[in-house]
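Keep in mind the model is a prediction, meaning the values are calculated, not measured.
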Amino acid sequence: VFWKRFLPVRDGFYDGAALIENQNLKLGSSRIDFTFTLYDGAGVILDQKSGNTYVYPSERALLYVPNLQAGNREPAQIELKINQIPWTHMNPQNGLNLDIVRKSFENEPHPIVALTIKNKSLFEEQGLEFYVLLVRADGNTYAASRTVTDGFAGGEERQILFTWPTSSFENPEKIEV
């Protein structure tokens with residue numbers, strides 16, 4: 001786990017995010033189950049949500065859950081619990097063959113990231129998860145979002161949008177996909 005944090009979305013709501021790396025050279029997992037727990041300064045649980053994702057060998061992945069609710073209390077810490085991971089032998093060269101053609105950020109009328117992605121493979125990809133991280137000049141992530149696509153045909157180029165309900169964010173120094 002490189003980092004874990006709660007990211008403000010709007011008053012009383014936060015996203016839970018953690019960047020992890022699978023250091024296995026030939027093992028991956030088609031399902032990683034995890035839980036984020038949000039606490040206030042007194043150690044009281046404000047909210048808890050679970051999610052799942054997958055990870056290929058030698059890959060970084062984002063663990064993400066949206067809309068943790070803090071109500072009118074101030075969160076102070078987030079805990080990440082990763083359940084037992086069912087590892088499977090995977091051939092490292094069988095990874096995805098995707099290219100990010102374009103990416104842009106607009107702040108009005110609300111924050112939106114637009115990605116144009118091309119599947120350079122000859123084969124259709126199913127159930128792809130895409131994440132974006134908005135990163136400040138100091139290297140800290142201040143926002144994250146996730147979307148899932150189905151039926152991404154071989155050779156297809158597609159625009160994918162990420163939005164936030166807040167009225168505005170600072171402009172990111174970097175957009176990580």
Give a yes or no on this: more than 12 heavy atoms of other residues, nucleotides or ligands lie within 6.0 Å of atom [atom1] of [X].
| X | atom1 | answer |
| --- | --- | --- |
| Gln84 | CD | no |
| Lys103 | NZ | yes |
| Glu106 | CD | no |
| Asp11 | CG | no |

Is any side-chain heavy atom of Val9 less than 4.5 Å from a side-chain heavy atom of Pro165?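 Yes, close enough: below the 4.5 Å cut-off.
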
Do the side chains of Tyr39 and Val44 get nearer than 4.5 Å, heavy atoms only?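 With C-beta onward as the side chain, the pair stays apart.
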
Go through the side-chain N and O atoms of Glu79 and Gln77 and say whether any donor and acceptor fall under 3.5 Å apart.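 No, because no side-chain N or O of Glu79 sits under 3.5 Å from a partner of the opposite role on Gln77.
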
[X] and [Y]: which non-hydrogen atoms are nearest, and at how many Å?
| X | Y | value |
| --- | --- | --- |
| Gly28 | Asn22 | CA-ND2, 3.8 Å |
| Gln48 | Thr37 | NE2-OG1, 2.8 Å |
| Leu62 | Ala144 | CD2-CB, 4.3 Å |
| Asn171 | Tyr142 | C-OH, 3.6 Å |
| Phe105 | Pro111 | CE1-CB, 4.2 Å |
| Asn67 | Arg10 | OD1-NH1, 3.5 Å |

Is the shortest distance from a Lys or Arg side-chain nitrogen in Lys174 or Glu176 to a carboxylate oxygen in the other one below 4.0 Å?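 Glu176 and Lys174: salt-bridged.
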
Flag yes if [X] and [Y] sit in one hydrophobic cluster, no otherwise; membership is Ile, Leu, Val, Met, Phe, Trp, Tyr, and two members link when side-chain heavy atoms are under 4.5 Å apart.
| X | Y | answer |
| --- | --- | --- |
| Tyr54 | Val132 | yes |
| Leu115 | Ile112 | no |
| Ile117 | Val148 | no |

Which distance, rounded to the nearest 0.5 Å, do you find between the [atom1] of [X] and the [atom2] of [Y]?
| X | Y | atom1 | atom2 | answer |
| --- | --- | --- | --- | --- |
| Lys4 | Leu19 | NZ | CG | 13.0 Å |
| Asn97 | Leu122 | CG | CG | 9.0 Å |
| Gln69 | Asp47 | CD | CG | 5.5 Å |
| Glu21 | Ser58 | CD | OG | 7.5 Å |
| Thr116 | Ile100 | OG1 | CD1 | 10.0 Å |

Strictly distance-based, threshold 3.5 Å: is any side-chain N or O of [X] a donor or acceptor partner for the main-chain N or O of [Y]?
| X | Y | answer |
| --- | --- | --- |
| Ser29 | Arg31 | yes |
| Asn107 | Phe169 | yes |
| Asn119 | Ser121 | yes |

Does Pro66 have any side chain to side chain contact (heavy atoms under 4.5 Å, CB included) partners at least two apart in sequence or in another chain, and if so, which?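 With sequence neighbours excluded, Pro66 shows a side chain to side chain contact (heavy atoms under 4.5 Å, CB included) to Asp15, Tyr64, given in chain and number order.
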
Connected hydrophobic set around Leu63, excluding itself, where side chains approach under 4.5 Å: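 Other cluster members: Val1, Phe6, Tyr14, Ile20, Leu27, Ile32, Phe34, Phe36, Leu38, Leu46, Val55, Val65, Leu68, Ile78, Leu80, Ile82, Ile85, Trp87.
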
Would you tabulate the side-chain donor-acceptor contacts of residues 150-158 under 3.5 Å, counting partners in other chains and residues two or more places apart, or write 'none'?
| from | atom 1 | to | atom 2 | distance (Å) |
| --- | --- | --- | --- | --- |
| Asp150 | OD1 | Gly127 | N | 3.4 |
| Glu156 | OE1 | Ala153 | N | 2.8 |
| Glu156 | OE1 | Arg158 | NH2 | 3.2 |
| Glu156 | OE2 | Arg158 | NE | 3.0 |
| Glu156 | OE2 | Arg158 | NH2 | 3.0 |
| Arg158 | NH2 | Gly151 | O | 3.1 |

Test side-chain contact (heavy atoms from CB on, under 4.5 Å) applied to Ile175 and Phe162, step by step: CA-CA 12 Å; Ile175 299 170; Phe162 300 84; over 6 Å; no

